[in-house]
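Have a look at the structure below before the remarks.
Read the numbers this way: they start at 1 and go in the same order the structure lists the ligands and their atoms.
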Amino acid sequence: MTPSPYTPRKFDLKGLHGISDRTLEMHFGLYEGYVKETNRLTEHIHDFLKDGKVDQEEMPAYSELTRRLGFEYNGMILHELYFGNLSRKGSPDPQRGSRFTEAAGASFGSYELWKTDFASVGKMRGVGWAICYLNPSTGRLSNHWITLHEVGNVAGFVPVLVMDVWEHAFLLDYKPAERPKYIEAFFANVDWGAVDARHKAAPREAVRQWAAAG
Ligand SMILES: [Fe+2]
């Protein structure tokens, strides 16, 4: 049986600072493409399994579809996380004493140093994402570069802040060389409440261990 298809989520992000409505409309369209492809590939892969086996002659096509599923699936989920941590009521920095500033301070020495690291990851050359993850087994935060959508995600880590740095995320508003300006605009719109909620929803052991370490 083919699993239920994913339905694209809707995000009301009109009026962000420095990221135009036109960019977002285009970006929502791209995101919906990932949802559609994830559904299509899932269906095709289940078609192969209908007779209970993957024949030798089916293996090349099956392999290609399965590899592409990692790209499309991560493209879908990362966009949902990215849109989900933006808000027109966002602010460049979280409130002092918030869950996130405490965690960033415990992991990097200071929130400011965490921010420098995250923004620097975002400025790396290449096509991909900057993501701040929580390690559930230690409670530590770390920032990672993800190539495309699927290369570099850390197994079991919980993404708490996600920034798209593919050029399509800013090309209608900034030149390709102006990625730092886009990163500044991204920060102006961060919904730190959403970031704290993700951190809070992470496995309980992580929070307990982090609290114990503090
Ligand atoms: Fe994107």
Expected output: side-chain Asn143 to main-chain Asp117 donor-acceptor under 3.5 Å: no
Side-chain donor/acceptor of Ser98 to backbone N/O of Pro94, under 3.5 Å: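 Checked: no pair found.
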N-O pairing of Glu32 and Lys10 below 4.0 Å: yes
Glu112/Arg96 ion pair, N-O < 4.0 Å: yes
Donor + acceptor pair across side chains of Tyr31, Glu80 (<3.5 Å): yes
Metal environment of the Fe ion (ligand 1), protein N/O/S under 2.8 Å: His27 NE2, His79 NE2, Asp164 OD2, His168 NE2
Cation-pi geometry met for Lys181 and Phe170 (6.0 Å, 45°):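 The answer is no; the distance or angle limit is not met.
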